[in-house]
Structure formats: structure tokens, C-alpha cells
Asker: 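First the structure, then my questions, so here it is.
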Amino acid sequence: MVMDSRKICPPGWHVPSLNEWTVLSNYLGGSEVAGGKLKETGTSHWLTPNTGATDIYGFTALPGGAKDCGNNYVSMGYNSRFWTSQPANQGVVPDVIINYDSSKIILGLNKGFTCNAFYVRCIKD
């Protein structure tokens, strides 16, 4: 979860909620294809096959994986994980995942722990 008390996003911008990610997913054709439309194309960074990647809107999601609670970098090349602005519930927060082997975007089904490090994207208010 990203609480914006550190001014992570510039003035006039904010960290999107899970609902805002869902709106984006729906706009892109639904969760079955939205991940592919947001991923960087090719396999310079993503593992093969980088299924469905078109980056049609210039979002260019990169597969930086995550930093786990033990300060280990994991899943590089495999996925992009993004924080939402949802409040934590017992240290667990809904996150957003895009994987190398799927066109899907996974919205809040996998839960990130507040000790994890994921990507943050800011959107305009």
C-alpha cells in the first residue's frame, strides 16, 4: 500500500486505487487482455514469450519483479507488480500484477505485504 504522506506523486497526481486500476483494465478490453496492452514489447527485459505485449498506449510496464520482505529481489523478468492506494488490512494490501506468460492483468487477487517493494504509477487528479 502506498500512503502518499511522503509526496510520492507530484501535486495534482495520486497513486491509483484498485478501483481506478479496474477502470483502466475495463477500458483496455478487460482483465484478460489489458496486461498485454500495458507491457513493453519484445524480450529485452521480459522473459519469453512475453504473451500479448503490444504497449499500444505507451504505458511500457517493465518486469522489475519485487523486493520481498527479506530484502531479496524476486521475479525480475517475470512480472510487474504495482501498489494500489488501498489501505492495508493486517499488513496485506491488494496489488496489481502483469506476468510475462499472459495477457491478463491481475487486480488485487494476489496480496502484497506492506514490507514488499513494488512499482508505483501516479495518475493525474
Side-chain angles (χ1 to χ4, degrees):
M1 163 193 76
V2 176
M3 297 304 292
D4 214 5
S5 62
R6 295 179 294 162
K7 308 283 188 225
I8 292 170
C9 296
W13 295 72
H14 67 276
V15 176
S17 67
L18 185 58
N19 184 60
E20 288 170 313
W21 277 101
T22 301
V23 169
L24 174 63
S25 174
N26 291 340
Y27 176 80
L28 297 176
S31 62
E32 294 295 314
V33 297
K37 292 179 179 181
L38 297 174
K39 288 193 285 185
E40 173 195 52
T41 59
T43 54
S44 294
H45 298 106
W46 287 95
L47 293 174
T48 300
N50 196 14
T51 303
T54 65
D55 197 24
I56 192 166
Y57 295 100
F59 189 88
T60 316
L62 294 170
K67 192 172 179 184
D68 69 18
C69 295
N71 287 324
N72 302 298
Y73 289 95
V74 297
S75 301
M76 292 166 118
Y78 288 90
N79 63 37
S80 288
R81 291 185 78 160
F82 297 91
W83 282 122
T84 67
S85 62
Q86 304 309 115
N89 182 4
Q90 297 179 350
V92 179
V93 181
D95 60 356
V96 174
I97 302 173
I98 300 171
N99 289 312
Y100 78 103
D101 60 350
S102 174
S103 293
K104 295 180 182 181
I105 187 169
I106 303 167
L107 300 163
L109 296 177
N110 290 310
K111 308 295 184 203
F113 295 100
T114 54
C115 56
N116 292 136
F118 301 151
Y119 285 128
V120 172
R121 283 287 178 120
C122 299
I123 60 173
K124 195 165 179 127
D125 293 343

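We number each residue from 1, following the sequence as shown.
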Asker: Taking all heavy atoms of L18 and all of Q86, pick out the closest pair and write down the distance.
Answerer: N-OE1, 2.8 Å
Asker: Looking at E40 and N50, what are the two nearest heavy atoms and their distance?
Answerer: O-ND2, 2.9 Å
Asker: Do the side chains of W83 and N116 get nearer than 4.5 Å, heavy atoms only?
Answerer: yes
Asker: How close do D55 and L38 get, counting heavy atoms only, and between which atoms?
Answerer: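 Heavy-atom minimum between the residues: OD1-O, 3.7 Å.
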Asker: When rounded to the nearest 0.5 angstrom, what is the spacing between SG in C9 and NZ in K124?
Answerer: 12.5 Å
Asker: For A53 and K39, which heavy atoms make the closest approach, and how far apart are they?
Answerer: CB-CB, 3.9 Å
Asker: Are side-chain heavy atoms of H45 and M76 found at a separation under 4.5 Å?
Answerer: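 In short, these two side chains do not touch, never coming nearer than 4.5 Å.
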Asker: Run the side-chain donor-acceptor check on residues 89-109: report pairs under 3.5 Å with partners two or more places apart or on a different chain.
Answerer:
unit_1, atom_1, unit_2, atom_2, d
D95, OD2, R81, NE, 2.9
D95, OD2, R81, NH2, 2.5
S102, OG, K104, N, 2.9

Asker: For a 4.5 angstrom cut-off between non-hydrogen side-chain atoms, does P63 reach L47?
Answerer: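 A side-chain contact is absent here, since even the closest heavy-atom pair is not under 4.5 Å.
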Asker: Flag yes if more than 12 heavy atoms outside Y57 fall under 6.0 Å of its OH atom; otherwise flag no.
Answerer: yes
Asker: Look only at the side chain of S80 and the backbone of L62, and say whether a donor-acceptor pair between them is shorter than 3.5 Å.
Answerer: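 Present.
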Asker: Can you sort out the partners of F82 under ring pair (Phe, Tyr, Trp, His ring centres under 6.0 Å), two or more places apart, ordered by chain and number?
Answerer: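 F82 satisfies ring pair (Phe, Tyr, Trp, His ring centres under 6.0 Å) with W21, F59, Y119 only.
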Asker: If hydrophobic clusters are built by linking Ile, Leu, Val, Met, Phe, Trp and Tyr wherever their side-chain heavy atoms come under 4.5 Å apart, do V33 and L28 end up in the same one?
Answerer: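 No, separate clusters.
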Asker: For the OG atom of S31 and the CG atom of L24, what is their distance to the nearest 0.5 Å?
Answerer: 11.5 Å
Asker: Please check this pair: side chain of S17 against backbone of E20, looking for a donor-acceptor N/O pair closer than 3.5 Å.
Answerer: yes
Asker: Do the side chains of K67 and N72 get nearer than 4.5 Å, heavy atoms only?
Answerer: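 Answer no - side chains too far apart.
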